[in-house]
Amino acid sequence: MLESKHPAAQTPSTETLQLYPELPEFPDLDITEDSVEKVARRLSGAAGLGGTDACALKHWLLRFGLASRELRQAVASFVDWLSNDFPPWAAYRAIMAGRLLALDESPGIRPVGIGETWRRLFAKTLLLIAGGKAQEACGIYQLCAGLQAGIKGGIHAIRTLWEQCEAEEEWGFLLVDARNACNKLNQTVMLWTIQHKWAASSRFTFNYYQHFVILVIQNKSGATTVFILSREGVTQGDPLAMVGYGVGVLPLIRKLKAEFPQVSQPWYADDAGAGASFKDILAFFQRLKAIGPQYGYYPEASKSILVVRQQNLEAAEKHFASEQFRVTTGERYLGGYIGAREDQHSWVEGKTTDWTAAVRELAKVAVRYPQSAYAGLQKSLQQEWQFLQRVVPEIGD
């Protein structure tokens with residue numbers, strides 16, 4: 001299943017590569033020891049193939065005086081090399097490799113690559129310096145590229161739209177699900193777009209994705225090893241993946257927005273939405289099916305969800321019978337909820353039941369490992385609950 005999630009590389013058509021009036025200059029980035037230090041203080045994550053986890057690397061970079069400073073300077077020089085030049089692939093190929101895991105999505109799996117901690121350090125240092133330019137390039141077209149409160153703003157905007165269209169007949173909001181989106185995005189289109197829209201990172205991103213990335217699967221004992229090549233898209237788990245994907249899919253988003261200005265189209269990475277009349281939603285989705293694969297975006301009708309009001313439910317099921325959308329009166333959206341208040345209440349009740357069980361588990365852990373239990377509460381459960389309170393109204397009870 002993991003092999004099937006990593007398809008062969010595709011050569012895009014010339015129509016897919018958007019024409020630009022000029023080729024922007026490659027700006028030289030100033031990567032300093034101070035930038036590396038800032039990133040090191042917030043570094044986290046498990047170890048890659050090399051065995052160095054974030055905790056160890058953070059200690060090496062911060063806790064050993066002059067030796068740590070020299071290491072930070074070496075890292076800054078290396079990131080500077082990747083950002084402003086074209087080093088030979090053999091010089092850093094091993095750092096690009098990663099462990100590959102499968103997360104159970106019930107049904108199906110999601111492949112996640114755990115890269116070397118060094119690789120995450122390099123990418124986060126680059127994003128500290130040049131991430132703002134990606135945010136400017138994406139603007140409100142793509143909410144995943146660093147726009148402040150982008151995901152919360154997207155949820156509130158669609159909720160407001162839902163309330164404004166309460167009286168409209170045959171109006172709904174479509175949540176589009178794409179097949180294996182991150183691993184199918186066409187890398188050539190992505191690099192071409194980044195070169196023109198996010199020039200500050202173009203050399204660094206090219207160096208990261210110019211060759212196939214080696215992903216390794218190991219069983220628990222380490223006796224069996226399988227090697228898989230990531231030939232397309234971005235490696236989920238890489239800090240550069242979200243921003244690279246966001247910029248890479250911009251040509252598709254701009255094309256759809258130009259052709260369907262009457263459709264509200266929020267995008268967060270590969271999670272697309274479409275709010276409009278039934279007629280316009282159907283035309284939008286059929287067009288997305290036609291041109292999406294050229295960019296490596298394959299929408300799946302059977303996994304897409306149409307949210308409508310109760311009075312429009314029967315009409316929606318008839319109108320979209322050919323597409324086989326799952327039609328409902330309420331559904332989770334980007335961690336929030338869109339739809340009928342009764343459905344939202346049932347959904348929140350399910351969330352609180354899960355959290356109650358999780359708190360009980362943490363209480364058991366806290367007897368012997370109080371610090372670990374506190375970290376689980378503060379970094380996971382508490383964050384989820386606070387996020388829900390910010391994006392879902394009227395859940396005080």
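Sequential numbering from 1 along the given sequence is applied to the chain's residues.
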Q) Any side-chain donor-acceptor pair under 3.5 Å between Tyr209 and Asp238? A) yes
Q) Going by an N to O cut-off under 4.0 Å, is there a salt bridge joining Lys289 and Glu323? A) yes
Q) Below 4.0 angstrom, N of the basic side chain to O of the carboxylate: do Glu232 and Lys184 qualify? A) no
Q.
Same cluster or not: Leu240 versus Val75, using hydrophobic residues (I, L, V, M, F, W, Y) connected whenever any side-chain heavy atoms lie under 4.5 Å apart?
A. yes
Q: Decide yes or no on salt bridge (charged side-chain N to carboxylate O under 4.0 Å, His left out) for Arg69 and Glu37, but give the supporting numbers first.
A: CA-CA 9 Å; Arg69 182 179 182 184; Glu37 183 177 356; over 6 Å; no
Q: Considering only NZ, NE, NH1 and NH2 on the basic side and carboxylate oxygens on the acidic side, decide whether Lys279 and Glu170 come within less than 4.0 Å.
A: no
Q) Just by distance, do the side chain of Asp28 and the backbone of Asn84 share a donor-acceptor pair under 3.5 Å? A) no
(Q) Could you check whether Arg203 makes a cation-pi contact with Trp81, meaning its NZ or CZ is under 6.0 Å from the centre of the six-membered ring and within 45° of the ring axis? (A) no
(Q) I'd like to know if Leu175 and Val392 are part of one continuous hydrophobic network [Ile/Leu/Val/Met/Phe/Trp/Tyr, side-chain heavy atoms within less than 4.5 Å]. (A) yes
N/O donor to acceptor pairs below 3.5 angstrom from side-chain atoms of residues 57-64, sequence neighbours left out:
from  : atom 1 : to    : atom 2 : distance (Å)
Lys58 : NZ     : Leu43 : O      : 3.3

Q.
Which label fits Trp118 and Phe122: parallel for a plane angle under 30°, tilted from 30 to 60°, or perpendicular past 60°?
A. tilted
Q) Hey, mind stepping through Phe285 and Phe325 against ring-ring contact (aromatic ring centres under 6.0 Å, His included) and telling me if it holds? A) CA-CA 11 Å; Phe285 188 78; Phe325 294 149; 4.9 Å; yes
(Q) Tell me if the centroids of the rings in Trp267 and Tyr245 come within less than 6.0 Å of each other. (A) no
Q) Is any side-chain N of the basic residue among Glu116 and Arg120 closer than 4.0 Å to the acidic one's carboxylate O? A) no
Q) Have Ser304 and Asp177 got a donor and an acceptor in their side chains that come within less than 3.5 Å? A) no
(Q) Quick check: closest heavy atoms across Leu2 and Leu101, and the distance to 0.1 Å? (A) CD2-O, 4.0 Å
Q: Indicate the ring-plane relationship of Phe26 and Phe86, choosing parallel, tilted or perpendicular according to the 30° and 60° boundaries.
A: perpendicular
Q) Aromatic rings Trp385 and Trp355: how do their planes relate, parallel, tilted or perpendicular, breaks at 30° and 60°? A) perpendicular
Q. How are the rings of Tyr20 and His196 set relative to one another: parallel (under 30°), tilted (30 to 60°) or perpendicular (over 60°)?
A. parallel
**Q.** Charged tip of Arg254 within 45° of Tyr141 ring normal and under 6.0 Å
**A.** yes
Q) Looking at the rings of Tyr337 and Tyr333, which for Trp means the six-membered one, are their centres under 6.0 Å apart? A) no
(Q) Looking only at side-chain N and O atoms, does Thr16 offer a donor or acceptor that is under 3.5 Å from a partner on Ser13? (A) yes
Q: Determine the minimum heavy-atom distance between Val391 and His156, stating which atoms define it.
A: CA-CE1, 3.8 Å
Q. Are Val213 and Val112 connected in a single hydrophobic cluster, I mean Ile/Leu/Val/Met/Phe/Trp/Tyr linked by side-chain heavy atoms less than 4.5 Å apart?
A. no
**Q.** Side chain Arg119, main chain Met96, donor-acceptor under 3.5 Å
**A.** yes
